[in-house]
Number of protein chains: 2
Amino acid sequence: MIPTSQDVATRAGVSRSTVSQILNGRAEYFAEETQARVAQAVAELGYEPSSAGRTLARGSSDIVIALIPDTTFGRNLQDIYGSLTEELARRGLTLVLRLSTSTEASLDRLVVGMKPRAVLTLTALPAGQRDLLVRRGVEVLEPDESSNADVNARIGTLQARHLIERGYRSLAYAHLRDARSDPFGGARERAFIEECRLCGLDQPRILHLDVAPEDARSALEELELPGFAVACYNDDVATALLYAATEKGWKVPDDIALIGMDNTPLSRLTVPPLTTIGYDPNQATQGSLQQLLNRLDKDNNREEVVEVQMDLVQRATT
Amino acid sequence: MIPTSQDVATRAGVSRSTVSQILNGRAEYFAEETQARVAQAVAELGYEPSSAGRTLARGSSDIVIALIPDTTFGRNLQDIYGSLTEELARRGLTLVLRLSTSTEASLDRLVVGMKPRAVLTLTALPAGQRDLLVRRGVEVLEPDESSNADVNARIGTLQARHLIERGYRSLAYAHLRDARSDPFGGARERAFIEECRLCGLDQPRILHLDVAPEDARSALEELELPGFAVACYNDDVATALLYAATEKGWKVPDDIALIGMDNTPLSRLTVPPLTTIGYDPNQATQGSLQQLLNRLDKDNNREEVVEVQMDLVQRATT
DNA sequence: AGCACTCGTTGACACGTGACAACCAGCGAG
DNA sequence: CTCGCTGGTTGTCACGTGTCAACGAGTGCT
């Protein structure tokens with residue numbers, strides 16, 4: 001039913017070994033006519049090598065597993081993993097997604113079983129999981145810590161600088177309460193605080209809330225008085241605070257200023273619309289992608305990593 | 001480095017064949033002591049069978065591929081696919097996710113290469129992709145069309161009935177403009193219209209918009225006058241309309257009433273908060289899961305499908 | 001004692017591929 | 001004529017598993 005390399009070989013009138021080599025980079029050692037005949041047979045039969053066989057023979061598969069963090073990204077997964085999938089496919093690799101919420105044991109089963117070429121994540125991995133993977137001899141592709149921290153630091157800095165430029169002097173940073181969902185919050189907060197310090201402002205307040213009215217209310221209680229400018233972990237957090245402020249009768253941005261992050265479609269639809277930070281998710285993954293490919297290809301031709309571009313989207317909450 | 005079944009066999013003092021059979025359901029044919037020794041060896045070595053070898057030998061892998069539709073679900077993927085992953089793992093199957101946005105050719109490669117036990121989707125599959133899969137002899141698990149249509153019909157009906165109960169007489173239905181992102185819209189709209197007819201109301205207006213201010217404004221233009229009650233494809237659409245209505249100075253819910261769908265966290269944070277429909281995503285996937293498992297196990301003990309429970313969440317836009 | 005029969009176990013093959021040594025034909029040099 | 005060389009091709013082994021026929025040791029029956 002499904003053609004094997006033997007079928008291709010027979011049809012092309014050569015040995016299976018010839019087919020295999022032509023299809024695996026040794027093509028130049030063969031006569032052009034042979035190459036052509038094999039190519040034609042492959043096309044006619046719609047042959048695709050069995051990844052199981054390949055895996056067995058080579059010791060590792062062509063599969064790259066992306067561990068999806070248990071977190072809320074500002075965008076849909078499509079935006080984030082779509083280009084990764086395509087780019088890897090172009091290099092003969094298959095990207096497959098896996099929720100990293102599942103147990104360590106099941107991750108173990110997965111890697112031992114599938115022998116992935118690499119495991120990739122866009123956020124730092126829990127130590128336990130990373131150990132597991134290296135122990136199993138799997139290549140782990142985490143974002144370059146420095147560059148990742150750098151991106152998040154830039155976000156925090158950008159938020160702080162914008163608020164300060166707009167004249168606000170009492171600043172605060174609002175995290176998601178659930179630390180699991182807030183993997184980048186630490187780095188952003190640190191940069192935010194640092195920027196405040198550099199500008200000679202007081203230590204900013206730190207808030208924690210879930211995306212819910214109750215939490216937003218108590219967060220505002222903590223601020224006690226109007227007059228704060230709050231940088232938020234994402235647009236959802238900003239929306240929650242905006243809601244509570246409106247309810248409380250605080251004027252935005254006079255009594256409280258808010259800046260979000262992600263530039264989600266909904267950030268244009270609050271009243272008033274949110275100031276936020278936007279970025280091109282395609283471009284954002286490009287960096288991690290480059291790192292990944294460099295390490296996989298063992299090509300040390302390090303293409304310089306393009307800095308992901310962030311745009312401050314000024315709307316009406318600052 | 002990675003133990004094989006041979007290693008287990010040697011350690012347990014039996015043949016590899018014995019190990020294989022004990023681990024694959026033929027355990028009862030073997031002496032208890034042998035079973036115990038094998039079990040112990042497995043544990044001590046941390047043995048996991050290589051899925052490549054398995055796949056080769058059996059002709060199909062233990063992998064189930066979930067095709068993620070190119071659509072915006074109201075919830076995070078974690079909520080939707082998390083329980084699926086776990087439940088399948090309990091049955092020795094491994095769920096991996098795959099964006100269905102990628103090309104047909106790459107889907108083909110994936111399927112031929114990985115020989116998945118089944119391919120699963122939560123929405124109906126494009127005809128081209130389905131053909132491809134059955135041609136490759138893969139089991140395709142689509143949601144039972146009738147039950148799926150039924151769920152969506154209930155949503156449309158529920159929205160209509162609520163609006164009518166609240167006394168509204170001029171109704172409209174608002175789709176996402178991008179039909180790709182709106183796979184269920186058709187079924188919901190039909191049920192919505194039907195319910196209007198049953199109650200003797202005029203044919204409802206149909207709107208199409210993206211989640212953006214411009215689109216929401218022109219959608220309202222189409223309605224011309226205040227006095228409509230609009231059922232929306234999801235909470236985001238409702239939020240967009242709410243924004244435009246507020247901007248226009250229309251009072252909600254007097255000049256325009258809105259009901260969303262999904263009960264997202266943000267639906268509590270609009271001003272005024274959205275009336276919407278909530279459901280338990282865990283329970284919602286349970287149905288598809290049961291179907292899938294039944295078909296995989298070939299157990300014809302059809303557990304009756306539990307009806308997905310929907311709760312109308314009345315807030316301030318109706 | 002010989003036979004059939006069961007229980008527990010093993011040996012051998014197949015699955016589809018990649019890698020590499022070995023092979024063959026042809027050809028020029030000695 | 002023989003040797004060595006080269007471009008082109010093939011044979012063979014290894015990868016780790018599942019399956020199934022076959023095997024040996026008991027055991028009860030005739």
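Below, chains carry the letters A, B, ... as their sequence lines are ordered, and counting in each starts from 1.
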**Request:** Identify whether any heavy atom of B:S51 sits under 4.0 Å from a base atom; if not, whether one sits that close to sugar-phosphate; answer base, sugar-phosphate or nothing.
**Result:** nothing
**Asked** Under 4.0 Å between a side-chain N or O of A:Y29 and OP1 or OP2 of C:dA19?
**Response** no
**Asked** Hey, does the side chain of A:R54 come within less than 4.0 Å of C:dG18's phosphate (OP1/OP2), counting only N and O?
**Response** yes
**Item:** Any B:S15 side-chain N or O less than 4.0 Å from OP1/OP2 of C:dT9
**Value:** no
**Complete:** Rounded to whole Å, CZ of A:R58 lies from P of D:dC13 at a distance of 23 Å
**Item:** Separation of atom CD1 in A:I2 from atom C1' in C:dC15, rounded to whole Å
**Value:** 13 Å
**Message:** Surrounding CD of A:E28 (heavy atoms of other residues, nucleotides or ligands, distance under 6.0 Å), is the total greater than 12?
**Reply:** yes
**Prompt:** Would a distance-only check, ignoring hydrogens and angles, find a side-chain to backbone donor-acceptor pair under 3.5 Å from A:E142 to A:L125?
**Reply:** yes
**Request:** Rounded off to whole Å, could you give me the CE-to-P distance for the A:M114 and D:dT17 pair?
**Result:** 16 Å
**Request:** Determine, step by step, whether A:Q129 and A:V119 satisfy the side chain to side chain contact (heavy atoms under 4.5 Å, CB included) criterion, reporting the C-alpha distance in whole Å, the side-chain angles of both residues, the deciding distance to 0.1 Å, and the verdict.
**Result:** CA-CA 11 Å; A:Q129 297 199 359; A:V119 169; over 6 Å; no
**Item:** Separation of atom CD in B:E32 from atom C1' in C:dT9, rounded to whole Å
**Value:** 16 Å
**Complete:** the helix from C:dA1-D:dT30 to C:dG30-D:dC1: angle between terminal helix axes, five bp per end, to the nearest 10 degrees, reads 80°
**Item:** Side chain B:Q35, main chain B:I22, donor-acceptor under 3.5 Å
**Value:** no
**Asked** Got a second to check how far A:I2's CD1 is from B:R136's CZ, nearest 0.5 Å?
**Response** 6.0 Å
**Distance in angstrom units between A:E33 CD and D:dG7 P, rounded** = 19 Å
**Prompt:** If we ignore angles and hydrogens, is there a donor and acceptor under 3.5 Å between the side chains of B:N24 and B:R54?
**Reply:** yes
**Asked** To the nearest Å, how far apart are A:Q6 CD and D:dT12 P?
**Response** 13 Å
**Message:** Nearest heavy atom decides the nucleotide; on that basis, is B:Q35 or B:K115 closer to the 5' end of DNA chain C?
**Reply:** B:Q35
Any protein N or O atoms within reach of nucleotides 25-28 of chain C? Criterion: under 3.5 Å, listing atom names and distances.
none

**Asked** Does any N or O donor sit under 3.5 Å from an N or O acceptor when you compare the side chain of A:R16 with the base of C:dG18?
**Response** yes
**Message:** Does C:dT9 have its OP1 or OP2 closer than 4.0 Å to a side-chain nitrogen or oxygen of B:T34?
**Reply:** yes
**Message:** Please determine whether a side-chain nitrogen of the Lys or Arg among A:R117 and A:E139 lies less than 4.0 Å from a carboxylate oxygen of the Asp or Glu.
**Reply:** no
**side chain to side chain contact (heavy atoms under 4.5 Å, CB included) between A:F30 and A:Q21, intermediate numbers included** = CA-CA 9 Å; A:F30 290 82; A:Q21 304 202 52; 3.9 Å; yes
**Asked** Which of residues 17-28 of chain A have a heavy atom under 4.0 Å from DNA chain D?
**Response** A:S17, A:T18, A:Q21
**Prompt:** For A:M310 and A:V308, what are the C-alpha separation, side-chain angles and deciding distance, and is it a side chain to side chain contact (heavy atoms under 4.5 Å, CB included)?
**Reply:** CA-CA 6 Å; A:M310 312 262 191; A:V308 10; 4.2 Å; yes
**Item:** Whether A:S61 side chain and A:M114 backbone form a donor-acceptor pair below 3.5 Å
**Value:** yes
**Request:** Please determine, by modelled atom types, if B:S15 and B:T18 share a side-chain donor-acceptor pair under 3.5 angstrom.
**Result:** yes
**Asked** Just how far, in rounded Å, is P of C:dG18 from CZ of A:F30?
**Response** 13 Å
**Between D:dT17 (P) and A:L56 (CG): distance, integer Å** = 9 Å
**Item:** A:T94 and A:V64, any side-chain heavy atoms less than 4.5 Å apart
**Value:** no
**Asked** Contact class for B:A31 vs. all strands (heavy atom < 4.0 Å): base, sugar-phosphate, or nothing?
**Response** sugar-phosphate
